[in-house]
Amino acid sequence: MWVRRLFQPSTLHWAWRTTALNHPLGRHQGGLRWTHSGGRSYRAVIFDTGGVLVPSPGTVAVGQASSATAQQSGKLTESMAELAWDFATKEGFRVFKEMPATKTLSRSYHAWAGPRSPRTPKGVRGHSTVAAASPSHEAKGGLVISPEGLSPAVRKLYEQLVQFIEQKVYPLEPELQRHQASANRWSPSPLIEDLKEKAKAEGLWNLFLPLETDPEKKYGAGLTNVEYAHLCEVMGMSLYASEIFNCSVPDMGTMEILVRYGTEEQKARWLVPLLEGRIHSCFAMTDRKVASSDASNIEASIKEEDNSYVINGHKWWTSGILHPHCKLCVFMGKTDPQAPRHQQQSMLLVPMDSPGITVIRPLSVFGLEDPPG
C-alpha cells in the first residue's frame, strides 16, 4: 500500500507516544500501557498504518467493556485515531505529492496489480489479487503471493475451484439470496445441498484442514495454510461458497479441534459426520454482560459431578446453533475458578439433545440475522 511507504515507524512511534504520554493512562515508562477491565496490564502493540486511514473525526463504538478504565482506554484510542488522521492528511499527503511521478513499487500487493486473466470477461468477478509470482518462490519456501506461484497440483485445484464457482455458484446467487430473505430461510436451501454433492464429487471438499494438522491427508486436501489462502480468497467472493465446499465456520474449527484432540470415539461420533457434511456444529463462547472476547471474563460454569458434567450459563452469539442439522455444541466455560486466570477455562463437547439446553431466539448483527447458508 502506498500509504505504508509514507509513514516511517520511528515517526509514527514518536507521534503515538506523544499523544499517549499526554494522556493520564499513557504515562508509563517503556511504552504505552493501560489497564484492562480485569485489572491486568497489557502492552499496546502499535501496527503501521498498512494503508488504512481512519475517518475524521474518529469514533470508538461502545461495546461490552463498560468499566471506567475500559472507557478511558476507548478515549485514548479515539485520540490516537484522530492524531493518525491528522498526520496522514497533513504530513503524509505532503510527502506523497513530492514523490516522483515515475517512481514505482518494487513489489505490489494491492488488488489488480497485474493484468486480469484473459478468460475473465469484463464485469465478471476476478480472483487474482497480485502480480504473477515466480514458481521458484515456493521451492525456496518463500511466500506465494499469487496463484501462479502455487505448485502444479494446487494450481489445478485452484483453477477447478474457480471454474466451479463461476459456472455453478454465481448463476444461482439471486435464487439463494431470495431463499435467505424468505419465510423458509431457517431451512437449508435445496440448491445448496445439491451443490455440496457436486463439489464433493469433484474433490472440492474439506479444503481447509491444514497439512500440519492432517499430515497423512486422511481428512482433507492436505494444503498448507498459504495454499489454502488462495483458494479461500476465491470462495470469499461468494457469500455461499464456503458452505458449499464444507469450509464454513464454525464447523471448520470444530473439525480441526476433533482432528487434533478428539478421542477415537469422538471422531467416529462427530468428526466423520461433520467431514461428510451430514451434521453441523455450533460454538458457544460469548457470555452476557461480559467482554467475552477476553476469554478470562467468561462466567459460565462447568462442574464435574458423578462422572458427568453440569453446565450453567447463558450464551449469546452462538454461531450455527439454529441450523436444523446442528447436533454438536462446543461450549466454553470455567472448570477451575481457583486456577491462574488464563488456566480456568475448558471447552466441552455437548450433544445438542442434552437435557437442559434451551435455544431462546436468534440474535441479529446490524439488523441482519444468521440463517443457514
Does a side-chain heavy-atom distance below 4.5 Å link Ser281 with Met255?
no

Crowding at CD, Gln160 (>12 non-hydrogen neighbours, <6.0 Å)
yes

Assess whether side chain to side chain contact (heavy atoms under 4.5 Å, CB included) is satisfied between Glu202 and Lys168, documenting all intermediate values.
CA-CA 12 Å; Glu202 294 190 24; Lys168 296 183 174 69; 3.5 Å; yes

Got a salt bridge between Glu212 and Arg260, using NZ or NE/NH1/NH2 to carboxylate O under 4.0 Å?
yes

Does the side chain of Pro372 come within less than 4.5 Å of Pro324's, by heavy atoms?
yes

Presence of salt bridge, Lys75 and Glu78, under 4.0 angstrom
no

Distance check, rounded to the nearest 0.5 Å: Gln344 atom CD versus Thr335 atom OG1?
8.5 Å

Check: Val330 and Leu349 side chains under 4.5 Å, non-hydrogen atoms:
yes

Could you go through the side-chain hydrogen bond (donor to acceptor under 3.5 Å, both in side chains) check for Glu148 and Ser146 one step at a time?
CA-CA 5 Å; Glu148 288 78 6; Ser146 77; 3.0 Å; yes

Do Trp316 and Lys289 make a side-chain contact, defined as non-hydrogen atoms from C-beta onward lying under 4.5 Å apart?
no

Keeping the roles fixed (side chain from Gln180, backbone from Arg185), state whether a donor-acceptor pair exists under 3.5 Å.
no

With a 3.5 Å distance limit and no angle check, can you tell me whether His179 reaches the backbone of Leu191 through a side-chain donor-acceptor pair?
no

Work out which heavy atom in Pro250 is nearest to a heavy atom in Cys282; give both atom names and the distance.
CG-CA, 3.9 Å

Between the OG atom in Ser151 and the NZ atom in Lys156, the distance rounded to the nearest 0.5 Å is 12.0 Å

Tell me the closest heavy-atom pair linking Leu322 and Arg361, and the distance in Å.
CD1-C, 4.4 Å

Could you please spell out the steps behind the side chain to side chain contact (heavy atoms under 4.5 Å, CB included) verdict for Trp317 and Met285?
CA-CA 8 Å; Trp317 318 115; Met285 174 177 173; over 6 Å; no

Is any side-chain heavy atom of Leu157 less than 4.5 Å from a side-chain heavy atom of Leu207?
yes

Considering non-hydrogen atoms only, spot the tightest contact between Leu274 and Ile279 and give its length.
CD2-O, 3.5 Å

Is Val226 reachable from Leu223 through a run of I, L, V, M, F, W or Y residues, each pair having side-chain heavy atoms under 4.5 Å apart?
yes

What is the distance from atom CZ of Phe208 to atom CE of Met252, rounded to the nearest 0.5 Å?
7.0 Å

Are Gln177 and Tyr240 side-chain neighbours, meaning at least one heavy-atom pair lies under 4.5 Å?
yes

Applying salt bridge (Lys or Arg N to Asp or Glu O under 4.0 Å), run through Arg155 and Glu159 and close with a yes or a no.
CA-CA 6 Å; Arg155 179 69 186 276; Glu159 294 292 343; 3.2 Å; yes

Considering all heavy atoms, the nearest Pro362-Glu369 contact
CG-OE2, 4.3 Å

Sub-3.5 Å donor-acceptor pair from the side chain of Glu175 to the main-chain atoms of Leu172, do we have one?
no

Would you say Asp214's side chain and Tyr219's backbone share a donor-acceptor pair under 3.5 angstrom?
yes

Can you measure from CG (Asp294) to CG (Asn297) and round to the nearest 0.5 angstrom?
4.5 Å

Are the side chain of Thr286 and the backbone of Ser292 linked by a donor-acceptor contact shorter than 3.5 Å?
no

Donor-acceptor pairs under 3.5 Å, side chain of residues 298-310 to any protein atom, not counting sequence neighbours: which ones?
unit_1, atom_1, unit_2, atom_2, d
Ser308, OG, Glu305, O, 2.8

Rounded to the nearest 0.5 Å, how far apart are CD1 of Ile321 and CD1 of Ile357?
7.0 Å

Check this for me, if you would: do Glu276 and Lys200 make a salt bridge, where the nitrogen-to-carboxylate-oxygen distance has to be below 4.0 angstrom?
no

Side chains of Pro351 and Lys327, heavy atoms from C-beta outward: is any pair under 4.5 Å?
no

Got a second to check how far Thr358's OG1 is from His314's NE2, nearest 0.5 Å?
9.5 Å

At their closest point, which heavy atom of Phe164 faces which heavy atom of Leu204, and how far apart are they?
CB-CD1, 3.8 Å

Within-4.5 Å side-chain heavy-atom neighbours: Val365 and Asp370:
no

Tell me the closest heavy-atom pair linking Glu256 and Pro210, and the distance in Å.
OE2-CG, 3.4 Å

Short side-chain to backbone donor-acceptor contact, Gln343 and Pro340, under 3.5 Å:
no

Parallel, tilted or perpendicular: which fits the ring planes of His280 and His325, with parallel below 30° and perpendicular above 60°?
parallel

